[in-house]
There are 2 protein chains.
Amino acid sequence: MADELLDRIIEGEFPPGSTVPGEHELSARHEVSRMTVREAMKTLQAQRILSVERGRGTFVNPLSSWASLEAVLRAAAEGKNDADASIQLIELRRMLETGACELAAGRIAEEDIEALFNYVAAMKAAHSINDVAAFVEADLAFHDVILRASGNVFVSVLFEPLHRVLEKRRAETSAVPAIQEHAIGHHQNIAEALESRDAARARQAMDEHMQQTLDDLKQLVLETK
Amino acid sequence: MADELLDRIIEGEFPPGSTVPGEHELSARHEVSRMTVREAMKTLQAQRILSVERGRGTFVNPLSSWASLEAVLRAAAEGKNDADASIQLIELRRMLETGACELAAGRIAEEDIEALFNYVAAMKAAHSINDVAAFVEADLAFHDVILRASGNVFVSVLFEPLHRVLEKRRAETSAVPAIQEHAIGHHQNIAEALESRDAARARQAMDEHMQQTLDDLKQLVLETK
DNA sequence: AAATGCAAGATGTCAGACATCTTACAGTTA
DNA sequence: TAACTGTAAGATGTCTGACATCTTGCATTT
């Protein structure tokens, strides 16, 4: 129900600033009770997609104030090709991961450094036996260690929805052997940079990894076009 | 109602992984109808604070998967002093703003550059007549131009809740004349760097500004202790 | 012309009922 | 004894209908 209404909003039926139909009308239109409509609206309100003013109506917020990355992604992909959206997501990931890596260099614990090298070893092992699932798992775990080691809880909060959106695509890129080899080298560099506790070096190592990821994605997108 | 329940969760009455009381029980406890309880839960669900499993119950998610910056901030400030949380928020802002500034260098339009210099002029004017509100307004507008000029819609989405959380504190720091002067210089540098369309220089200029902001905040926090 | 009153329509809240799903436990059967 | 099954309890999901409260526009009154 919430998804259906969001679809109608995204398709432009109710542009930002306008009101959505009343609860009774939506109830009739979607063939559910008014209570179900209200619960769906509560979901969209919590994501700051809708604003409710008692006695007046329910209004669609401008896209810039939406708090749901998924919803914005759906809206951004509407009509255009979503290649642009994919690139922007990687750009965002780059900001957060390079920043977190820079912070982690000064805060990471010995055991976490050890864990990083273990995950690199796991990636190498998975690569050698062609186990894509294991490779992706070690890859994700590696990045997760760094995010936690940044000591900044809010980074994880902002990264979590991004993670959810990106994980589907990561399986695709990680299936290419050449990309796996690139990734292993970069992860090795990152782990070594963090071990040296040099913030600038750690940031640069992660930044190069992100650049590589972006290039890989662009190439993949270009090929499938 | 949603806030009351969130308070009880944050206070540790329902730790992550546990279930919250049933809808009937909460209805009785808070003296509202079951429907109101359900709507409040829908709000917390949309923020990924609660997960509902039909027939089993409603569970509290681990803090790392919460999607609401405000809620995490409240939880982080619980018990400890919130100085640490403030610093982490600035760290986060730093990641997003330096990243956006780097992107903007290659994409910003001529008219936006002009707008930046106009806002710097407005900050100078406000500073000379001691108009704090006007100063803050120009400051916010300046940063908003850069975020939009980054050409990345998702940056704005992630930054918006951060903006809301930080704006209260910004008024405090901006009230100090010396800090205003620092800020004017940094903004001037940023605008010039963007004008030169040199990504590395733009990033560095913004990074220095963020470092200054962080130092100002630390000093302010230390003084009030 | 201004102030007042009222009605329509919107959201907010409530109560009670039934449906559906999960789980545990007792009873049945091989 | 062990495995299977049926049933009841408790949880969330949905529905219906009603009343409360707020906003707004319009007709009425002054």
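Being a predicted model, the structure only gives us computed values, none of them experimental.
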May I ask you to say whether B:R48 pairs ionically with A:E70, meaning some side-chain N is under 4.0 Å from a carboxylate O? yes
Remember a base hit wins even if backbone is also touched, and classify A:T19 as base, sugar-phosphate or nothing at under 4.0 Å, heavy atoms. nothing
Any salt bridge linking A:E111 with A:R148? Criterion: basic side-chain nitrogen under 4.0 Å from a carboxylate oxygen. no
Nearest-Å distance for atom pair NE2/C1', residues A:H24 and C:dA10: 9 Å
Considering only heavy atoms, which members of residues 43-56 of chain A lie under 4.0 Å from some atom of DNA chain C? A:V52, A:R54, A:G55, A:R56
Comparing A:E31 and B:G57 on DNA chain D - which has the more 5′ nearest nucleotide: B:G57
Any donor-acceptor N or O pair under 3.5 Å, side chains B:R8, B:H30: yes
At their closest point, which heavy atom of B:A149 faces which heavy atom of B:I108, and how far apart are they? CB-CG1, 3.8 Å
Identify the pairs formed between an N or O of the protein and an N or O of nucleotides 16-18 of chain D at a distance under 3.5 Å, and give each distance.
| from | atom 1 | to | atom 2 | distance (Å) |
| --- | --- | --- | --- | --- |
| D:dA18 | N6 | A:R34 | NH1 | 3.3 |

Would you call B:E23-B:R29 a salt bridge at under 4.0 Å N-O? no
Residues A:D3 and A:R74 bridged, charged N to O under 4.0 Å: yes
B:F59 CZ to D:dA11 P, in whole Å, measures 11 Å
Is there a donor in the side chain of A:H182 and an acceptor in the side chain of A:H209, or the other way round, less than 3.5 Å apart? no
What is the distance from CD of B:E23 to C1' of D:dG10, rounded to the nearest Å? 12 Å
Please tell me whether A:Q212 and A:D216 have a donor and an acceptor in their side chains that are separated by less than 3.5 angstrom. yes
Is any side-chain nitrogen or oxygen of A:T58 closer than 4.0 Å to OP1 or OP2 of C:dT11? yes
How long is the line joining CG of B:L26 and C1' of D:dA11, in whole Å? 12 Å
What's the closest nucleotide to the side chain of A:R38 if the choices are C:dT11, C:dC14, D:dT14? C:dT11
A:F159 backbone acceptor or donor facing A:H163 side chain under 3.5 Å: no
Rounded to whole Å, the NZ-P distance (B:K42 to C:dG12) equals 16 Å
Give a yes/no on whether any side-chain N or O of A:T36 is located under 4.0 angstrom from OP1 or OP2 of D:dC15. yes
